[in-house]
Amino acid sequence: MNETSQAPTLLLVDDEPGILSALRRLFRPQGYRILTADSGAAGLAILEGEAVNLVISDMRMPEMDGATFLKQVRERWPQTKRILLTGYADITSTVSAINEGEIYRYIAKPWDDKEMLAVVREACEHQRLEQENRRLTELTQAQNEALKALNASLEHKVAERTAELSQALAFVEQAHGELKKSFMTSVQVFAGLIELRSGPLGRQLAGHGRRVAELARSLARQLGLAESEVQNILLAGLLHDIGKLGLPDELLGRPFNVLSAEHRAQVMKHPVVGQNILLGIERFKEAAILVRHHHESYDGNGYPDHLAAMAIPQGARILAVANDYDALQVGTLVQRPLKPAEALDFLIENRGKRYDPAVVDALVRLVAETVKGGPQESPLRTMHLKPGMTVSRDLMHHDGYLLLAAGSVLNNDIIGQLIRLEQVEQQNLTVYIRQEEK
């Protein structure tokens with residue numbers, strides 16, 4: 001794989017020369033090294049002789065489609081990032097590519113140039129971080145082995161080597177923390193697929209999955225659930241709308257209660273589709289069950305299985321409250337966006353009907369505690385940011401995707417990247433910083 005100081009290499013695979021030309025024109029000014037192939041077989045041949053950072057493949061190609069091609073890329077060159085170009089009509093094949101090819105992202109055609117460039121930049125940066133993480137892990141392992149040898153032969157240096165061992169263990173813990181953070185970042189990226197719609201719809205949907213996940217986690221802890229259950233609820237909250245990937249914009253952008261019967265039936269399939277997407281990933285099996293049932297109603301009038309009361313998994317009952325509380329405020333559930341107090345009143349009115357009374361009561365307590373505590377944060381421009389500050393709100397790009405998640409701790413590299421982003425895009429950023437209690 002290329003060194004991080006070299007320009008990343010992109011392999012573009014499509015049987016249509018016009019598409020390859022358009023992609024070359026888009027990426028060449030960005031300094032990438034560009035390779036092209038007109039089929040999956042030709043792409044595999046190039047990969048055998050070239051170090052490639054990222055592959056962008058079309059779905060529909062003769063002989064070998066994009067899903068099959070990217071699956072082989074994953075098996076033979078797992079460190080190469082994989083992006084799929086597809087249309088909404090290819091949803092079944094796209095699901096296969098997500099499950100079997102473990103693609104980094106999928107992008108619908110026709111693509112938006114800014115979105116495409118941003119996704120490729122993120123993918124290359126993500127790969128660089130993974131390489132650095134592997135390097136640090138290998139370095140730590142080598143240091144541990146050296147310490148063992150020294151301790152065995154040099155008893156008089158026990159104190160000195162013990163200090164070095166402690167430092168090495170700290171590196172291991174840091175590496176483990178980075179891996180865990182990388183996993184959660186990947187889940188958030190996966191969850192954000194539905195939110196990467198262009199225009200007003202993208203801005204409307206931006207951050208919904210994360211807000212639902214955070215609220216659901218808080219409700220689960222308020223109700224005293226075990227941490228393993230809390231984690232599954234968090235994952236399900238992030239991924240609860242993944243089944244909407246194939247739905248057209250006009251269905252996602254309109255409130256559910258104004259849709260026709262035919263369109264409602266179309267939307268109501270998404271919990272089952274979401275479960276099917278996630279079932280192929282072992283880590284998501286428990287969360288997939290919660291995704292299937294997060295639209296069940298406490299009185300049995302929900303979907304897809306018309307479960308009622310305690311027959312609905314507790315995590316799904318929690319997700320239902322968290323999801324609708326946010327959707328009511330976003331404006332995707334009823335005809336107009338509601339204020340937080342109005343959304344809470346709606347849930348209280350439907351307590352025991354659509355929603356589990358215990359979960360609604362937990363939300364009421366949680367909202368009261370939040371209002372009592374008041375906001376402990378400050379909005380800052382990038383030039384006022386300092387290392388060690390903690391982000392209190394998700395920082396979203398104006399195109400609708402996540403730049404920094406709430407809870408992220410700033411360092412010099414992150415601050416520098418935000419300042420450069422402002423300069424390149426001529427867009428001022430405001431970052432909300434958590435105020436530490438004195």
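Residues take their numbers from the sequence shown, with the count starting at 1. Keep in mind the model is a prediction, meaning the values are calculated, not measured.
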Checklist entry - Going by heavy atoms in the side chains, are Ile433 and Lys386 under 4.5 Å from each other? => result no

Checklist entry - Would you call Glu138 and Arg135 a salt bridge, taking side-chain N to carboxylate O under 4.0 Å as the test? => result no

Next on the checklist: Between Arg317 and Glu296 (salt bridge meaning N to carboxylate O under 4.0 Å), is one present in this structure?
Outcome noted: no

Checklist entry - Under a 4.5 Å cut-off applied to non-hydrogen side-chain atoms, are Val73 and Leu44 in contact? => result yes

Checklist entry - Backbone N or O of Leu290 within a donor-acceptor pair of the His293 side chain at under 3.5 Å? => result no

Next on the checklist: Are Leu219 and Leu215 packed together at the side-chain level, in the sense that at least one heavy-atom pair is separated by less than 4.5 angstrom?
Outcome noted: yes

Checklist entry - Can you check whether Leu429 reaches Leu421 side chain to side chain, under 4.5 Å on heavy atoms? => result yes

Next on the checklist: Quick check on Glu262: does its CD atom have over 12 non-hydrogen neighbours (other residues, nucleotides or ligands) under 6.0 Å away?
Outcome noted: no

Checklist entry - Side chains of Asn232 and Glu286: donor-acceptor distance under 3.5 Å anywhere? => result no

Checklist entry - Do side-chain atoms of Ser392 reach the backbone of Tyr432 as a donor and acceptor pair under 3.5 angstrom? => result yes

Next on the checklist: Under a plain distance cut-off of 3.5 Å, with no hydrogens placed, do His263 and Gln266 share a side-chain donor-acceptor pair?
Outcome noted: no

Next on the checklist: Has Ser297 got a side-chain atom pairing as donor or acceptor with Gly300's backbone, closer than 3.5 angstrom?
Outcome noted: no

Item to check | Approximate separation, where rounding is to 0.5 Å, of His208 NE2 and Asp326 CG | outcome: 5.5 Å

Checklist entry - Mind checking whether Arg292 and Pro304 have side chains closer than 4.5 Å, heavy atoms only? => result yes

Next on the checklist: Can you tell me how far apart CG (Leu129) and SG (Cys124) are? Round to the nearest 0.5 Å.
Outcome noted: 11.5 Å

Next on the checklist: Can you confirm whether the side chains of Thr390 and Arg434 place a donor and an acceptor under 3.5 Å from each other?
Outcome noted: no

Next on the checklist: Using a 6.0 Å cut-off, check whether atom CD of Glu48 has over 12 heavy atoms from anything other than its own residue.
Outcome noted: yes

Item to check | Close side-chain approach of Asp65 to Asp58, heavy-atom, < 4.5 Å | outcome: no

Next on the checklist: With salt bridge (charged side-chain N to carboxylate O under 4.0 Å, His left out) as the criterion, how do Glu425 and Lys114 come out once you've worked through the C-alpha distance, each side chain's angles and the decisive distance to 0.1 Å?
Outcome noted: CA-CA 11 Å; Glu425 300 194 355; Lys114 288 184 178 180; over 6 Å; no

Next on the checklist: Please report the interatomic distance CD(Gln417) to CG(Asn412), rounded to the nearest 0.5 Å.
Outcome noted: 11.5 Å

Next on the checklist: Side chains of Tyr355 and Asp324 only: does a donor on one sit below 3.5 Å from an acceptor on the other?
Outcome noted: yes

Item to check | NZ/NE/NH1/NH2 to OD/OE distance under 4.0 Å, Lys81 and Glu130 | outcome: yes

Item to check | Flag, side chain of Thr68 to backbone of Met64, donor-acceptor distance under 3.5 Å | outcome: no

Next on the checklist: With rounding to the nearest 0.5 angstrom, report the CG to OG distance, Leu85 to Ser57.
Outcome noted: 7.5 Å

Item to check | His240 side chain to His270 side chain, donor-acceptor N/O pair below 3.5 angstrom | outcome: no

Checklist entry - Do the non-hydrogen side-chain atoms of Val52 and Val55 ever get within less than 4.5 Å of each other? => result yes

Item to check | Side-chain donor/acceptor of Gln127 to backbone N/O of Asn53, under 3.5 Å | outcome: yes

Next on the checklist: Pair Val273, Ile242 - check side chain to side chain contact (heavy atoms under 4.5 Å, CB included), show working.
Outcome noted: CA-CA 8 Å; Val273 174; Ile242 199 68; over 6 Å; no

Checklist entry - Just how far is it from atom CD1 of Ile233 to atom OG of Ser228, taken to the nearest 0.5 Å? => result 9.5 Å

Item to check | side-chain hydrogen bond (donor to acceptor under 3.5 Å, both in side chains): pairs with one or both residues in residues 10-20, sequence neighbours excluded | outcome: none

Next on the checklist: Applying side chain to side chain contact (heavy atoms under 4.5 Å, CB included) to Leu117 and Phe27, what does each step give before you reach the verdict?
Outcome noted: CA-CA 8 Å; Leu117 290 172; Phe27 289 117; 3.8 Å; yes

Next on the checklist: Using a 3.5 Å distance criterion without hydrogens, assess whether the side chain of Ser408 forms a donor-acceptor pair with backbone atoms of Leu404.
Outcome noted: no

Checklist entry - With no hydrogens and no angle check, is any side-chain donor or acceptor of Arg105 less than 3.5 Å from a backbone partner on Ile103? => result no

Next on the checklist: Using the rule given for side chain to side chain contact (heavy atoms under 4.5 Å, CB included), can you reason through Leu410 versus Val391, listing the C-alpha separation, both sets of side-chain angles and the distance that settles it, and then say yes or no?
Outcome noted: CA-CA 8 Å; Leu410 299 179; Val391 179; 4.0 Å; yes

Checklist entry - Any side-chain donor paired with an acceptor under 3.5 Å for Gln79 and Arg134? => result yes

Next on the checklist: Is there a side-chain contact between Trp111 and Leu26 in this structure, where contact means two heavy atoms from C-beta onward sitting under 4.5 Å apart?
Outcome noted: yes

Item to check | Verdict with reasoning, Arg217 to Glu214, per salt bridge (charged side-chain N to carboxylate O under 4.0 Å, His left out) | outcome: CA-CA 5 Å; Arg217 176 168 62 178; Glu214 294 289 352; 2.6 Å; yes

Checklist outcome for this item: Rounding to 0.5 Å, atoms CD1 (Ile56) and OG1 (Thr36) come to a distance of 12.0 Å

